[in-house]
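Inspection log for the structure reproduced underneath, given as structure tokens.
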Amino acid sequence: MNWKSFFLGTTIGLIGGYVTKEILSQKTNVSPEKVLEHVKRQFKQNGPISGSWIHMAAEPYVKQQINYRVYKGGISKNNNGANEQYEFIADASTGTILDLRRLAEVS
């Protein structure tokens with residue numbers, strides 16, 4: 001057995017595996033469940049929430065001429081007897097909240 005060929009093959013295999021791992025990690029999305037948990041944790045810092053939802057499919061979104069793949073969802077919370085609802089948009093690749101707005105109250 002030629003040790004030089006063995007070590008060369010092992011080295012090429014390790015480098016190829018590392019490059020493949022890096023490419024796959026850059027193209028994968030954070031799961032919508034994890035994004036929703038992150039948003040809920042942020043909202044719970046200011047009091048309890050009463051409900052939440054998230055679209056399970058990422059969709060295209062443009063903000064300030066930058067293209068994103070995003071998840072859209074919402075949070076409901078009770079604030080002094082009034083139900084407040086918020087809609088959020090989160091980056092699918094990082095889970096970062098890109099936009100948050102309070103929905104108008106419906107009587």
Side-chain angles (χ1 to χ4, degrees):
M1 177 177 204
N2 186 349
W3 287 102
K4 187 176 179 181
S5 296
F6 172 76
F7 285 122
L8 180 62
T10 302
T11 303
I12 291 172
L14 289 172
I15 291 171
Y18 177 76
V19 169
T20 302
K21 177 187 127 343
E22 289 299 313
I23 290 171
L24 290 176
S25 68
Q26 291 175 0
K27 296 191 181 233
T28 58
N29 290 342
V30 176
S31 74
E33 293 88 357
K34 287 186 179 186
V35 171
L36 185 57
E37 285 302 316
H38 171 70
V39 174
K40 287 168 62 175
R41 266 195 314 275
Q42 297 298 316
F43 266 83
K44 284 181 182 177
Q45 292 177 0
N46 297 321
I49 61 172
S50 57
S52 62
W53 59 271
I54 192 165
H55 285 272
M56 300 302 279
E59 56 189 79
Y61 178 74
V62 178
K63 182 174 183 175
Q64 298 177 354
Q65 299 179 355
I66 299 174
N67 295 317
Y68 296 94
R69 298 283 301 160
V70 299
Y71 295 119
K72 293 183 178 180
I75 298 284
S76 298
K77 63 186 295 182
N78 193 323
N79 190 11
N80 297 326
N83 192 31
E84 296 178 346
Q85 295 185 353
Y86 297 86
E87 182 180 67
F88 66 86
I89 297 174
D91 185 3
S93 62
T94 64
T96 303
I97 299 170
L98 299 174
D99 202 3
L100 176 69
R101 69 181 178 102
R102 184 173 178 199
L103 300 177
E105 293 183 29
V106 179
S107 300

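Since this is a predicted model, take the numbers as computed values, not measurements.
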Between [atom1] of [X] and [atom2] of [Y], what distance do you get to the nearest 0.5 Å?
{"X": "T94", "Y": "N29", "atom1": "OG1", "atom2": "CG", "result": "9.5 Å"}
{"X": "I66", "Y": "D91", "atom1": "CD1", "atom2": "CG", "result": "10.5 Å"}
{"X": "S52", "Y": "Y86", "atom1": "OG", "atom2": "OH", "result": "14.5 Å"}

* Should we count NZ of K34 as having more than 12 external heavy atoms under 6.0 Å? ->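 Counting neighbours around NZ of K34, 12 or fewer heavy atoms of other residues, nucleotides or ligands fall under 6.0 Å, so no.
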
* Asked: Are K72 and E87 ion-paired here, with the side-chain N under 4.0 Å from a carboxylate O?
  ->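 Looking at K72 and E87, the cut-off is not met.
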
Could you report the tightest heavy-atom contact between [X] and [Y], atom names first, then the distance?
{"X": "A58", "Y": "R69", "value": "O-NH2, 2.9 Å"}
{"X": "S93", "Y": "V30", "value": "O-CG2, 3.4 Å"}
{"X": "K77", "Y": "N46", "value": "NZ-O, 3.1 Å"}
{"X": "H38", "Y": "G95", "value": "CD2-O, 3.7 Å"}
{"X": "I54", "Y": "L36", "value": "CG2-CD2, 4.0 Å"}

Report whether [X] and [Y] are members of the same hydrophobic cluster (ILVMFWY, side-chain heavy atoms less than 4.5 Å apart, transitive linking).
{"X": "L100", "Y": "I49", "answer": "yes"}
{"X": "I75", "Y": "I97", "answer": "yes"}
{"X": "V62", "Y": "I89", "answer": "no"}

* Any S76 side-chain heavy atom under 4.5 Å of N83 side chain ->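 Contact flag for S76/N83 side chains = yes.
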
* Asked: Is there a side-chain contact between R102 and Q85, using heavy atoms and a 4.5 Å cut-off?
  ->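 Contact flag for R102/Q85 side chains = no.
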
* Restricting to pairs with a member in residues 55-74, which pass ring-ring contact (aromatic ring centres under 6.0 Å, His included), not counting sequence neighbours? ->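 Sorted result for residues 55-74: W53-H55.
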
